[in-house]
Amino acid sequence: MSKQVIIPEGTSKPLAPYVPATKADNIVYVSGTLPFNENNDVVHVGDAAAQTRHVLTTIKNVIQTAGGDMDDVTFNSIFVKDWADYDAVNQVYAEFFPNEKPARFCIQCGLVKPDALVEIASIAHIG
């Protein structure tokens with residue numbers, strides 16, 4: 001099995017011992033991605049749609065760095081802080097996956113920083 005760490009240019013230092021993604025045999029496993037800026041501060045506080053857009057743009061950058069695109073995403077794990085944000089998350093999510101939708105699940109839970117409203121982890125099959 002070939003294994004490659006994926007760290008896009010300009011990525012901030014993670015809060016814990018992990019990398020943005022790992023590519024193994026053309027499968028990209030994207031770590032849980034939060035709406036953080038380069039200093040690991042939460043962006044777009046209080047705006048679930050903007051946070052979701054930031055998270056999915058970050059994931060898109062990771063997958064492109066690995067040689068793929070969002071059409072290669074086959075599975076997403078979505079974590080929301082509050083079900084009240086579910087519709088806003090889905091509206092933005094649909095923009096990033098306009099064609100065939102990946103499989104996914106969504107749960108409500110606490111996130112690592114109180115101002116974070118959404119976190120998404122992805123799996124993509126490239127090539």
Side-chain angles (χ1 to χ4, degrees):
M1 170 184 78
S2 65
K3 181 177 159 184
Q4 175 187 0
V5 170
I6 306 298
I7 304 174
E9 189 174 319
T11 299
S12 63
K13 182 179 179 184
L15 294 174
Y18 68 91
V19 295
T22 302
K23 183 177 181 181
D25 293 335
N26 292 327
I27 301 172
V28 179
Y29 301 91
V30 181
S31 294
T33 304
L34 289 146
F36 290 168
N37 65 14
E38 62 279 353
N39 299 316
N40 290 320
D41 296 319
V42 176
V43 297
H44 311 294
V45 173
D47 186 339
Q51 285 192 9
T52 302
R53 186 168 283 104
H54 183 89
V55 165
L56 288 170
T57 299
T58 301
I59 289 170
K60 181 178 179 178
N61 187 31
V62 170
I63 292 170
Q64 287 176 334
T65 300
D69 59 45
M70 293 300 272
D71 286 337
D72 295 320
V73 175
T74 56
F75 192 82
N76 287 304
S77 303
I78 303 171
F79 308 91
V80 294
K81 183 176 179 179
D82 189 329
W83 285 124
D85 295 324
Y86 187 69
D87 287 340
V89 169
N90 280 325
Q91 287 177 7
V92 175
Y93 183 90
E95 294 172 18
F96 282 80
F97 300 103
N99 302 312
E100 291 183 13
K101 311 297 186 237
R104 72 177 217 185
F105 69 80
C106 183
I107 63 169
Q108 179 183 2
C109 63
L111 299 175
V112 71
K113 288 196 176 185
D115 287 333
L117 302 175
V118 62
E119 178 174 355
I120 300 175
S122 300
I123 299 172
H125 290 250
I126 297 174

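Side chains included, hydrogens not; waters and symmetry mates left out as well; all remaining heavy atoms used.
- Between Asp72 and His125, every side-chain heavy-atom pair lies at or beyond the 4.5 Å cut-off.
- Between Leu117 and Asp82 the shortest side-chain heavy-atom distance does not fall below 4.5 Å.
- The aromatic rings of Phe105 and Phe79 stand perpendicular to each other, their planes meeting at an angle above 60°, with 30° marking the opposite boundary.
- Hydrophobic clustering places Phe96 together with Val80 (ILVMFWY residues linked when any side-chain heavy atoms are closer than 4.5 Å, directly or through intermediates).
- From Thr33, atom OG1 reaches atom NE2 of His54 across 9.5 Å, with rounding to the nearest 0.5 Å.
- Closest approach of Pro20 to Val62, counting heavy atoms only: CB-CG2, 4.1 Å.
- Linking Ile, Leu, Val, Met, Phe, Trp and Tyr residues whenever their side-chain heavy atoms come within less than 4.5 Å leaves Leu56 and Val42 in two separate clusters.
- Looking at every heavy atom in both residues, Ala48 comes nearest to Ala88 through CB-CB, 4.3 Å.
- Proximity of a side-chain donor or acceptor of Asp25 to a complementary backbone N or O of Ser2 within less than 3.5 Å is detected.
- Going from atom OG1 of Thr65 over to atom CD of Gln4 covers 10.0 Å, rounded to the nearest 0.5 Å.
- In this structure a side-chain-to-backbone donor-acceptor pair under 3.5 Å is missing from Asn39 to Asp41.
- Within the 4.5 Å cutoff, no side-chain heavy atoms of Glu119 are placed close to those of Val112.
- Thr74 places a side-chain N or O within donor-acceptor distance of the main-chain N or O of Ile123, the cut-off being under 3.5 Å.
- Applying the salt bridge (charged side-chain N to carboxylate O under 4.0 Å, His left out) test to pairs two or more places apart or on separate chains, those with a residue in residues 52-64 are Arg53-Glu95.
- Follow the hydrophobic side-chain contacts under 4.5 Å out from Leu34 and you never reach Ile59; the two are in separate clusters.
- Under the 4.5 Å side-chain heavy-atom criterion for grouping Ile, Leu, Val, Met, Phe, Trp and Tyr, Tyr18 is not connected to Tyr29 through any hydrophobic cluster.
- Considering only heavy atoms from C-beta on, Pro102 comes within 4.5 Å of Tyr93 through its side chain.
- Taking the six-membered ring for Trp and thresholds of 30 and 60 degrees, Tyr86 and Trp83 have ring planes more than 60 degrees apart, a perpendicular arrangement.
- Formation of a donor-acceptor pair under 3.5 Å by the Gln51 side chain with backbone atoms of His44 is found in this model.
- No continuous path of hydrophobic side-chain contacts links Val73 to Phe75 [ILVMFWY only; heavy atoms under 4.5 Å].
- At least one cation-pi condition fails for Arg104 and Phe97: the charged atom is not both under 6.0 angstrom from the six-membered ring centre and inside a 45 degree cone around its axis.
- The CG atom of Asp115 sits 6.5 Å away from atom NZ of Lys81, with the distance rounded to the nearest 0.5 Å.
- With a 4.5 Å cut-off on side-chain heavy atoms, Phe36 and Thr58 do not count as touching.
- Rounding to the nearest 0.5 angstrom, the gap separating the CD1 atom in Ile78 from the OG1 atom in Thr52 is 8.5 Å.
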